[in-house]
Amino acid sequence: MASKDQALILEPSGELRFKGPFTEVVTAYLKLTNPTDKRICFKVKTTAPKRYCVRPNSGILDAKGSSSVAVMLQPFDYDPNEKNRHKFMVQSMFAPDDVFETQELLWKDAPPESLMDTKLKCVFELPDTPSQQSMVSESNKPLEGAAHYSENSFEDSSVKRPDTQSPKKTTPSGGNDDIRKLQHDLRKAQAEVTSLKTENSQLKDEGVRLRKVAMTDTVMSTPTSSPSSNTALASPTAFPPVVYIVIAAVIGLIIGKFIL
């Protein structure tokens with residue numbers, strides 16, 4: 001079943017151009033405008049989700065509203081002889097009047113006859129390459145495994161997959177000096193870590209020793225009851241009063257005899 005005519009206005013409407021060199025992220029902008037009096041939901045899909053980052057990749061445009069979508073091409077090894085066939089598709093539909101939970105569920109349950117879409121091709125070109133020699137993603141042959149922009153060939157641009165064609169790492173001319181400097185800094189950091197570990201161990205040993213000394217001083221300063229002290233406290237012998245009277249009488253008799 002053929003899709004409905006696109007209600008959104010796309011700028012650009014037919015292709016996204018990416019200018020190299022492609023050693024860093026290259027961004028192309030796509031402006032979406034809603035000329036209608038209704039809200040419109042949109043979603044951006046691509047045939048190469050691992051090569052692009054799209055922000056925002058979906059959303060809702062209010063009536064007469066517009067939004068700018070940034071399509072960021074990730075760095076890669078550019079080969080002019082390689083035919084690139086990356087494509088994008090902007091899918092849209094009118095937002096329902098009733099409240100819906102999430103856009104994910106809305107798109108999942110949307111009837112096919114309510115969907116509108118527009119396809120865009122990608123163009124790669126270098127600054128010193130004439131436009132007629134630019135590498136254009138659109139070719140006369142359809143995508144392998146897909147027939148004429150098959151719906152199955154487009155995937156959500158938010159899906160991330162490992163890039164099997166990631167750029168090769170190159171060592172700059174001054175790379176050897178940087179490596180030696182990093183190695184020197186690493187050895188210096190390791191030495192500092194070892195020194196800190198040793199100092200930490202010494203502090204722990206000193207703490208243990210101080211705790212032992214403190215415990216010993218506490219034990220020595222605590223008064224204890226000893227037999228000698230008990231004897232000293234108990235040294236005064238308590239005699240009955242009669243004994244003192246008898247002793248006094250005897251002493252009086254003795255003194256009286258000497259006097260007489």
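The figures here come from the full heavy-atom set of this structure, side chains too, leaving out hydrogens, waters and symmetry mates.
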Check your understanding: If you look at every heavy atom in Ala7 and Ile40, which pair is closest and at what distance?
Key -> CB-CD1, 3.8 Å
Exercise for review: Name all residues meeting the side-chain contact (heavy atoms from CB on, under 4.5 Å) criterion together with Leu196; count only those two or more places apart in sequence or in a different chain, and write none if there are none.
Suggested key: Glu199
**Study point:** Contacts of type salt bridge (Lys or Arg N to Asp or Glu O under 4.0 Å), residue Asp37, not counting sequence neighbours
**Key:** Lys64
Study note, to complete from the structure: Taken to the nearest 0.5 Å, the spacing of Arg39 CZ from Phe94 CZ works out to 12.5 Å
Review point. Rounded to the nearest 0.5 Å, what separation is found between the CZ atom of Arg55 and the CE atom of Met72?
Key: 6.0 Å
Check your understanding: So, do Asp117 and Lys119 sit near enough that their side-chain heavy atoms are less than 4.5 Å apart?
Key -> yes
Check your understanding: Given side chains that start at C-beta, do those of Glu15 and Cys122 come closer than 4.5 Å, heavy atoms only?
Key -> no
Check your understanding: Taking the inter-plane angle between the rings of Phe22 and Tyr78 on a 0 to 90° scale, is it parallel (under 30°), tilted (30 to 60°) or perpendicular (over 60°)?
Key -> tilted
**Study point:** Ile247: side-chain contact (heavy atoms from CB on, under 4.5 Å) partners, not counting sequence neighbours
**Key:** Val243, Ile251
Revision key, fill the gap. Rounded to the nearest 0.5 angstrom, the CZ-CG distance for Phe88 and Leu16 is 6.5 Å
Exercise for review: Report the distance from atom NZ of Lys121 to atom CZ of Arg85, rounding to the nearest 0.5 Å.
Suggested key: 14.5 Å
Practice item. Assign the ring pair Tyr52 / Phe18 to parallel, tilted or perpendicular, where the plane angle (0 to 90°) is split at 30° and 60°. Key: tilted
Practice item. Report the distance from atom CG of Leu210 to atom CE of Met215, rounding to the nearest 0.5 Å. Key: 13.0 Å
Exercise for review: Return yes if some donor-acceptor pair links the side-chain N/O of Lys19 with the main-chain N/O of Arg17 below 3.5 Å, else return no.
Suggested key: no
**Study point:** Cys41 versus Ala95, closest heavy-atom pair with distance
**Key:** SG-CB, 3.7 Å
Practice item. Kindly confirm or rule out a cation-pi arrangement of Arg51 over Phe76, judged by NZ or CZ under 6.0 Å from the six-membered ring centre and within 45° of its axis? Key: yes
**Study point:** Val90 side chain near Lys45 side chain, heavy-atom distance below 4.5 Å
**Key:** no
Review point. Between NE2 of His86 and CG of Leu120, what distance do you get to the nearest 0.5 Å?
Key: 14.5 Å
Point to revise | By side chain to side chain donor-acceptor pair (under 3.5 Å) - contacts of Ser58 (at least two apart) | key: none
Check your understanding: Can you list the residues that meet the side chain to side chain donor-acceptor pair (under 3.5 Å) rule with Ser92, with sequence neighbours excluded?
Key -> Gln6
Contacts under 3.5 angstrom, residues 201-208 side chains, donor-acceptor by atom type, not counting sequence neighbours:
{"residue": "Glu206", "atom": "OE1", "partner": "Arg209", "partner atom": "NE", "Å": "3.4"}
{"residue": "Glu206", "atom": "OE2", "partner": "Arg209", "partner atom": "NH2", "Å": "2.6"}

Return all side-chain donor-acceptor pairs below 3.5 angstrom for residues 24-34, not counting sequence neighbours, or 'none' if the list is empty.
{"residue": "Asn34", "atom": "OD1", "partner": "Thr36", "partner atom": "N", "Å": "3.0"}
{"residue": "Asn34", "atom": "OD1", "partner": "Thr36", "partner atom": "OG1", "Å": "2.6"}
{"residue": "Asn34", "atom": "ND2", "partner": "Lys38", "partner atom": "O", "Å": "2.7"}
{"residue": "Asn34", "atom": "ND2", "partner": "Leu61", "partner atom": "O", "Å": "3.3"}
{"residue": "Asn34", "atom": "ND2", "partner": "Asp62", "partner atom": "O", "Å": "3.0"}

Check your understanding: Short question: side chain of Ser13, backbone of Ile9 - any donor-acceptor pair under 3.5 Å?
Key -> no
Revision key, fill the gap. Residues at least two apart in sequence or cross-chain that pass side-chain contact (heavy atoms from CB on, under 4.5 Å) with Ser114, listed by chain then number, are Met93, Ala110, Pro111
Review point. Does atom CG of Asp185 have more than 12 heavy-atom neighbours, drawn from other residues, nucleotides or ligands, at distances under 6.0 Å?
Key: yes
Check your understanding: Partners of Gln190 by side-chain contact (heavy atoms from CB on, under 4.5 Å), sequence neighbours excluded?
Key -> Leu186
